[in-house]
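By convention in this document, chain letters (A, B, ...) are assigned in the order of the sequence lines, proteins followed by strands, and residues within each chain are numbered from 1.
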Amino acid sequence: MVLKTDQLKPDSSEKALLQGLARNDKKAVETIYKDNYNLVQALVVNNSGTSDDAKDIFQEAMVVLYEKVQSGTFELNCQIKTFIYSVSKRLWLKRLMQQNRFSISDGHAESVSVDEEMEEHEKRDTEFTMMERAMNGLGEPCKSLLEAFYLQKKSMQEIASSFGYTNSENAKNQKYKCLMRLKKLFFSQYKNESL
Amino acid sequence: MEDIKLIEAVERYISGQMSPDERVYFEQLRKTNAEVDQMVVEHTFFLQQMNRFDDVKNLKATLNETHIHLGEKGLIKAPRLKGKAKVVYLYNRYKKVTAIAASIAGITALTISALVWSLSPGKPANKQDIENLSRDIRNINQKVSQVQK
């Protein structure tokens, strides 16, 4: 059997990892985590952070990477390590700036510009928080009802029987009311946000 | 059209569940009715927001699990769990194993007690029987001692 040389290149295994991450595959997440966490922890801890800060920063950088691969491109213009490190540095610097500190001393690890990704992430992070608030403000059983239909993709019949509605028509009406409430809760924050 | 019916139609349109005819009709409706058009745009955006929220929430859960797991295995330099948090971690991690072990233990206990019950003599001797028995023994003893004399 002839092995193609590009299968041996590190970027093809990196691509597989990114594809795994896009699917929230536990193995891929674990591998990326294992290979990159210590570098980020060293960066944060050496710049007056705690290991809890390091965990927050690293995990947020993973979310940024996830958002990037969600768009369907599994090729970074740099290694995963460089990307995570660069994002983490930006995230940690931002936290430090909130405490009036403006510089960071990093090791000799390579980094790249991640301006675009940071901008996109900030927007998405705001949206995440808004949806979280809206969902939490909704209360039960509305929250579970909408999750069952829109996220777990259960049928109205299944939902009716598991929530104890006498028929799927009633469940459908209730779902509609819940959806309208959730949309109202979500979009009202949008108006406040843009002001 | 009622709002609930309209939302349902919009959702079927977005997810591609409409028949070709219905789709043509709905697209025509979008063109002529700005309100319907706006509803499609808004609802598409909203559903995307819900899905993104769920995806990131699930990823965050995976990340937290991974952090604890790698930390406990010593594969990253994170501080290990202490006290209560550790018990919770171990409990969650070995919940299944514990549940299986417990049910095997339960089944074994039931089997053994069933066996013991089925193999042991039906009725325990009651008081009357014991008295009768001891009277018999007394009689025998008396007879034996008479013979010996």
Given heavy-atom pairs under 4.5 angstrom as the criterion, report whether the side chain, backbone, both or neither of B/H43 touches chain A.
both
With a 4.5 Å cut-off on heavy-atom pairs, point out which of A/V63, A/L151, A/D35 contacts chain B the most.
A/L151
Which one of B/L47, B/N58, B/N51, B/L70 has the most heavy-atom pairs closer than 4.5 Å to chain A?
B/L70
Shared ILVMFWY cluster between B/M18 and B/V41, side chains joined below 4.5 angstrom?
no
Answer yes or no: is there an ion pair linking B/R12 with B/E8, defined by an N-O contact shorter than 4.0 Å?
no
Is it the side chain or the backbone of A/K172 that comes within 4.5 Å of chain B heavy atoms, both, or neither?
both
When you compare the side chain of A/L179 with that of B/E11, does any pair of heavy atoms fall below 4.5 Å?
yes
Taking the six-membered ring for Trp, are B/F46 and A/F187 parallel (under 30°), tilted (30 to 60°) or perpendicular (over 60°)?
tilted
Heavy-atom contact with chain B under 4.5 Å, split by part of A/Q41:
side chain
Looking at A/E132 and B/K60, is there a salt bridge between them, counting it only when a charged N and a carboxylate O are closer than 4.0 Å?
no
Proximity breakdown for A/N173 and chain B, heavy-atom pairs closer than 4.5 Å:
both
Short N-O contact, A/R124 and A/E120, less than 4.0 angstrom:
yes
Can you say whether A/Y33 sits under 4.5 Å from chain B via the side chain, the backbone, both, or neither, judging by heavy atoms?
both
Segment of A/E60 engaging chain B (4.5 angstrom heavy-atom cut-off)
neither
How are the rings of A/F58 and A/Y37 set relative to one another: parallel (under 30°), tilted (30 to 60°) or perpendicular (over 60°)?
perpendicular
Greatest number of non-hydrogen atom pairs under 4.5 angstrom with chain B, of A/L146, A/L182, A/N24, falls to A/N24
